[in-house]
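Notes follow the structure.
Both counts, for ligands and for their atoms, begin at 1 and track the order of listing.
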Amino acid sequence: MRKKIVAGNWKMNKNLHECILLADDIRAGLEPLPKNQLPTVILAPAFPFLYAVSQTLGVNQSITTSAQNCSSEKSGAYTGEVSVDMIRSTGAKYVIIGHSERRSLFLETEDSIRKKLMVCLEAELAPILCIGEKSEERKEARHFEVVKKQIDSATGNLSPEILSKLVIAYEPVWAIGTGVHASPAQAQEMQAFIRQSFAQSKGMEFSQTLPILYGGSCNPGNAKELFSCKDVDGGLIGGASLNASDFLSIIKAAMDL
Ligand code: 13P
């Protein structure tokens with residue numbers, strides 16, 4: 001059985017002090033819960049706070065940190081960029097790649113997303129690759145085609161062995177920050193399609209162990225229903241991860257299953 005993952009993408013929110021408080025509240029909230037039932041919990045603060053949040057969590061099997069982005073270059077004269085080696089040196093284990101905000105607001109291309117995925121994997125960081133269709137693409141019934149293209153351009157030609165740390169986050173763009181989440185049926189339908197696509201390209205074993213998360217207006221009220229779907233292995237949470245009690249409720253929703 002695949003272990004559930006609940007990841008909080010804090011985006012460009014919270015200062016240093018607030019990040020440490022939030023991380024500590026979440027860490028403390030997990031303590032009384034049965035360890036063997038906990039999902040993998042991941043916190044993704046902004047770059048300047050990754051080290052402090054990692055330190056706050058300490059060495060803990062159940063909770064770890066992720067960057068929200070990385071440079072596609074390994075090192076050198078790239079002012080303002082942050083490399084995977086820098087990220088790894090903070091204690092982070094994951095990197096979110098290809099988030100729709102980066103694709104649309106920072107014009108990230110499929111080519112740069114693929115490069116980022118490669119540098120992450122080479123640095124032994126686990127990429128959380130975000131994919132998902134826009135509202136008009138779903139209306140035009142092109143959502144499967146769009147998602148398939150995102151998968152193929154990022155992971156095509158890469159072997160299952162190289163991709164062994166990959167995590168997928170299906171985040172329909174129309175559900176991000178809108179309060180309108182995908183219905184469990186819509187999430188399940190797409191995530192089964194994603195798993196099926198990987199089964200065809202990378203084999204059954206790879207596809208059966210691949211974690212596929214759902215993201216987009218996931219909250220304590222809908223998490224359990226979404227996480228109960230066969231191909232939904234947890235969530236990538238934005239707004240509701242900024243509040244310890246909401247985020248802990250979502251983590252608990254991943255445990256009751
Ligand atoms: P919301 O949960 O705020 O909709 O954001 C989802 C998201 O973008 C996580 O990466």
Side-chain angles (χ1 to χ4, degrees), residues 4-14 18-19 22-23 26 39-47 49-50 53 64-70 87 92-106 108 113 116-117 120 125-135 137-138 143 146-147 150-151 154 166-184 186-187 190-191 194 211-227 229 232-254:
K4 290 265 189 294
I5 297 176
V6 178
N9 177 5
W10 294 355
K11 306 192 180 182
M12 199 171 73
N13 294 292
K14 304 214 178 271
E18 292 163 342
C19 282
L22 179 55
I26 294 166
T40 300
V41 177
I42 303 169
L43 307 182
F47 283 134
F49 314 132
L50 259 181
V53 170
T64 184
T65 49
S66 172
Q68 298 174 16
N69 181 28
C70 67
I87 292 168
K93 300 271 187 283
Y94 293 80
V95 182
I96 297 170
I97 290 178
H99 192 279
S100 73
E101 286 149 19
R102 298 224 49 94
R103 292 178 192 256
S104 66
L105 303 172
F106 300 95
E108 277 193 14
I113 290 166
K116 289 181 182 197
L117 192 86
C120 253
L125 287 165
I128 303 175
L129 175 67
C130 299
I131 54 180
E133 80 285 358
K134 298 188 188 116
S135 166
E137 291 164 339
R138 181 166 278 264
H143 43 302
V146 167
V147 164
Q150 291 170 336
I151 294 172
L166 179 67
V167 177
I168 294 288
Y170 169 55
E171 299 206 309
V173 180
W174 47 270
I176 296 179
T178 58
V180 181
H181 61 94
S183 68
Q186 285 171 321
M190 180 58 90
Q191 300 196 195
I194 294 168
I212 308 179
L213 315 184
Y214 168 79
S217 298
C218 186
N219 61 39
N222 59 34
K224 190 162 183 183
E225 211 187 351
L226 284 160
F227 297 170
C229 299
V232 178
D233 303 317
L236 179 55
I237 320 298
S241 71
L242 296 171
N243 171 291
S245 101
D246 284 352
F247 192 59
L248 285 163
S249 298
I250 295 173
I251 292 168
K252 286 177 194 155

So, is Lys11 polar-close to ligand 1, with some N/O to N/O distance under 3.5 Å? yes
Please work out, at 4.0 Å between heavy atoms, whether the side chain, the backbone, both, or neither of Ile176 comes within that distance of ligand 1. both
Min heavy-atom dist Gly216 to ligand 1 below 4.0 Å: yes
Where is the nearest protein heavy atom to atom 7 (C) of ligand 1: which residue, which atom, and how far? Glu171 OE2, 3.2 Å
Other residues, nucleotides and ligands only: do more than 12 of their heavy atoms fall within 6.0 Å of NZ on Lys93? no
When you measure from atom 10 (O) of ligand 1 to each heavy atom in Glu101, His99, His181, which option holds the nearest one? His99
Numbered atoms and elements of ligand 1 in range of Ser217, under 4.0 angstrom, heavy atoms: 1 (P), 2 (O), 4 (O)
Rounded to the nearest 0.5 angstrom, the CD1-CD1 distance for Ile250 and Ile237 is 4.5 Å
Tell me whether Ser241 reaches ligand 1 (any heavy atom closer than 4.0 angstrom to a ligand atom). no
Are Arg138 and Glu133 ion-paired here, with the side-chain N under 4.0 Å from a carboxylate O? yes
What do you reckon, does Gly239 have a nitrogen or oxygen under 3.5 Å from a nitrogen or oxygen of ligand 1? yes
Rounded to the nearest 0.5 angstrom, the CZ-CD1 distance for Arg102 and Ile113 is 9.5 Å
Would Val95 and Ile128 count as a side-chain contact (heavy atoms from CB on, under 4.5 Å) if you check the C-alpha gap in whole Å, the side-chain angles of each, and the deciding distance to 0.1 Å? CA-CA 6 Å; Val95 182; Ile128 303 175; over 6 Å; no
Residue, atom name and distance, where the atom is the protein heavy atom closest to atom 2 (O) of ligand 1: Gly238 N, 2.9 Å
Are any of the N/O atoms in Gly177 less than 3.5 Å from those in ligand 1? yes
Do other residues, nucleotides or ligands put more than 12 heavy atoms under 6.0 Å from Glu225 CD? no
Could you tell me if Glu171 and His99 have a donor-acceptor pair between their side chains, going purely by distance under 3.5 Å? yes
May I ask you to list the atoms of ligand 1 that are less than 4.0 angstrom from any heavy atom of Ala175? 4 (O)
For Leu236, the ligand 1 atoms whose distance to one of its heavy atoms is below 4.0 Å: 9 (C), 10 (O)
I'd like to check the side chain to side chain contact (heavy atoms under 4.5 Å, CB included) partners of Val173; sequence neighbours left out, ordered by chain and number. Ser100, Lys134
